[in-house]
Undergrad: 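Structure provided below as C-alpha cells; questions to follow.
Computed from a prediction, not measured in an experiment: that's the story for all the values here. Every heavy atom of this structure was used, including side-chain atoms; hydrogens, water molecules and symmetry mates were not.
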Amino acid sequence: MRRTVLLALLTCALTALPIAPATAAATDEPADRLVPLAGLTFVGGTDVEFARGAETGDFVLRQWGEDGVNAPVVPRGVTSLLDAYLKITPVDLPVPAALLDTADTAPPGLAERRVVDDPVTATDLAVPEGAAAVRAACWKDHFATPTWSESYQGMAPREYRSTDYGGRFRFAGSAILNCTPKGSPSDLWAKHRMYRSNAAGITGIRLVNTAVPPGGWNDEVIQGFLAGRFFTVRYNDGWNSSPNCTCQYHRQGVFTDHHP
C-alpha cells in the first residue's frame, strides 16, 4: 500500500487517527499539554503517537488499537523513544528533532535519517520485523518485567506510586486492556491517568489522561527529560466497579530506569 508522508502542523491530523483512546473527562488537577512530534498508523490499525509535554519537557510514547485485531509495534529492547522511532519507521521517513533529546547516545541508523523540526505523520506503515501484527484476544503481556500486572472483573480505583517501588525513575510504563465485549455501553470505558513530579509525596502534573473503550487497548510510556521523576499511575472505570456484568480489564505497568 502506498505510504503518505506529510510534514505539517499535526494537531488536526492526529484527531483523524482511527480508534484513538478518548480523552477522559477533564478534572481540576494540574495537567500538561502534549505537543505532538509524530503520528503514525500501521497496517492492521495500530496507532502510535510521540509527544512532548509543553510545560514539563517530558516525552510520551502512546500506542493504541483493538483487542484481537492488532498489537503494539514497538519491539522489546529499545533504549529510548528515539530508538523506538527509528526501529518502527522506514529510513525514508524523517525524524522529529525533539526526539534526539531522549537518547544518551546516537542509536544505530540515525546517521542515515533526515532530521526535521516539523511534526511527522505517516500512514500504512508496515509492522516492523519482530513485532506482533496481532495479539490473541485479551492478552496480558505488555512489558517484559512489570511492576504490577492484574486482571479484574470490574476496575475498582487503584493507584501506583513510584515512591513505593524505589522513588525516582527515568521511565514509567502503563497499559490498559479492556476485555469487555466490543459495543458495550460507553460507561464501561477504562480510565487511565499518569502523572510526574520532581518531589516525593506530590502527585504533580498529569501527562496522560485517556479512556479505553470495550475491546480496546492502550499502552503508554513516559520518559523523563534529563533526570528521573516521581511517577503516579491511576486506573478506574466509569461505572462504580460493579462486577455484575461481562466486563473484564487487565492493567499492567512498570517504573524503571530503562525503556520498558
Undergrad: Roughly how far apart are Thr210 OG1 and Asn218 CG, rounded to 0.5 Å?
TA: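 Thr210 atom OG1 to Asn218 atom CG measures 4.0 Å (nearest 0.5 Å).
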Undergrad: Can you pull out every disulfide bond (SG atoms under 2.5 Å apart) where at least one residue sits in residues 45-147? Sequence neighbours excluded, please.
TA: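 Listed by first then second residue: Cys138-Cys179.
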Undergrad: Quick one: side chain to side chain contact (heavy atoms under 4.5 Å, CB included) partners of Arg113, sequence neighbours excluded?
TA: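 Checked Arg113 against side chain to side chain contact (heavy atoms under 4.5 Å, CB included); matches are Tyr85, Leu86, Thr89, Val91, Leu93, Val95.
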Undergrad: A quick test of your reading: do over 12 heavy atoms of other residues, nucleotides or ligands sit less than 6.0 Å from CG of Asp117?
TA: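 Open: at most 12 neighbouring heavy atoms sit under 6.0 Å from CG of Asp117.
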Undergrad: So which pairs with a foot in residues 40-133 pass disulfide bond (SG atoms under 2.5 Å apart), sequence neighbours left out?
TA: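 Listed by first then second residue: nothing to list.
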Undergrad: Can you pull the ring pair (Phe, Tyr, Trp, His ring centres under 6.0 Å) pairs that have at least one residue in residues 116-139, sequence neighbours excluded?
TA: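 Checked against ring pair (Phe, Tyr, Trp, His ring centres under 6.0 Å) - neighbours excluded - the pairs reaching residues 116-139 are Trp139-His142, Trp139-Trp217.
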Undergrad: Given the rule that I, L, V, M, F, W and Y join up when any side-chain heavy atoms are under 4.5 Å apart, are Val233 and Tyr165 in one cluster?
TA: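 In one cluster with Val233: Tyr165, yes.
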Undergrad: Inspect the contact between Asp32 and Arg196 and indicate whether a charged nitrogen and a carboxylate oxygen are less than 4.0 angstrom apart.
TA: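 A salt bridge is absent here (no side-chain N lies under 4.0 Å from a carboxylate O).
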Undergrad: Looking only at the aromatic ring of each residue, does the gap between the centers of Phe255 and Trp148 stay below 6.0 angstrom?
TA: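 Ring-ring flag for Trp148/Phe255: true, centres closer than 6.0 Å.
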Undergrad: Go through the side-chain N and O atoms of Arg193 and Thr232 and say whether any donor and acceptor fall under 3.5 Å apart.
TA: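 The criterion, which ignores hydrogens and geometry beyond distance, is not satisfied for Thr232 and Arg193.
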Undergrad: Search all heavy atoms of Val73 against all heavy atoms of Ala131 and return the closest pair with its distance.
TA: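 Looking at all heavy atoms of both residues, the closest pair is O-CB, 3.3 Å.
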Undergrad: Only one of Asp58, Leu34, Asp101 passes side-chain contact (heavy atoms from CB on, under 4.5 Å) with Arg52; say which it is.
TA: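 One option only clears the test, and that one is Asp101.
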Undergrad: With sequence neighbours left out, write down each residue that passes side-chain hydrogen bond (donor to acceptor under 3.5 Å, both in side chains) with Arg33, or none if nothing qualifies.
TA: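 Arg33: no side-chain hydrogen bond (donor to acceptor under 3.5 Å, both in side chains) contacts found.
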Undergrad: Test your reading of the model: is there a side-chain donor-acceptor pair from Glu220 to the backbone of Val208, 3.5 Å cut-off?
TA: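 It does not hold such a pair.
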Undergrad: Quick one: ring pair (Phe, Tyr, Trp, His ring centres under 6.0 Å) pairs with a partner in residues 114-135, sequence neighbours left out?
TA: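 Of all non-adjacent pairs touching residues 114-135, none passes ring pair (Phe, Tyr, Trp, His ring centres under 6.0 Å).
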Undergrad: So, for Ile202 and Ser197, which heavy atoms are closest and what is the spacing to 0.1 Å?
TA: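 Here Ile202 and Ser197 meet closest at O-CB, 3.2 Å.
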Undergrad: Using modelled atom types and a 3.5 Å cut-off, is there a donor and acceptor pairing between side-chain atoms of Gln63 and backbone atoms of Val74?
TA: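 Side chain of Gln63 to backbone of Val74, a donor-acceptor pair under 3.5 Å: yes, one is there.
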Undergrad: Does any donor atom in the side chain of Asn198 or Arg229 lie under 3.5 Å from an acceptor atom in the other side chain?
TA: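 Yes, side-chain donor-acceptor contact under 3.5 Å.
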Undergrad: Can you confirm whether the side chains of Ser151 and His250 place a donor and an acceptor under 3.5 Å from each other?
TA: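 His250 and Ser151 do have a side-chain donor-acceptor pair below 3.5 Å.
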Undergrad: Which of parallel (below 30°), tilted (30 to 60°) and perpendicular (above 60°) describes Tyr160 and Tyr235?
TA: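 Aromatic pair Tyr160/Tyr235 classed perpendicular.
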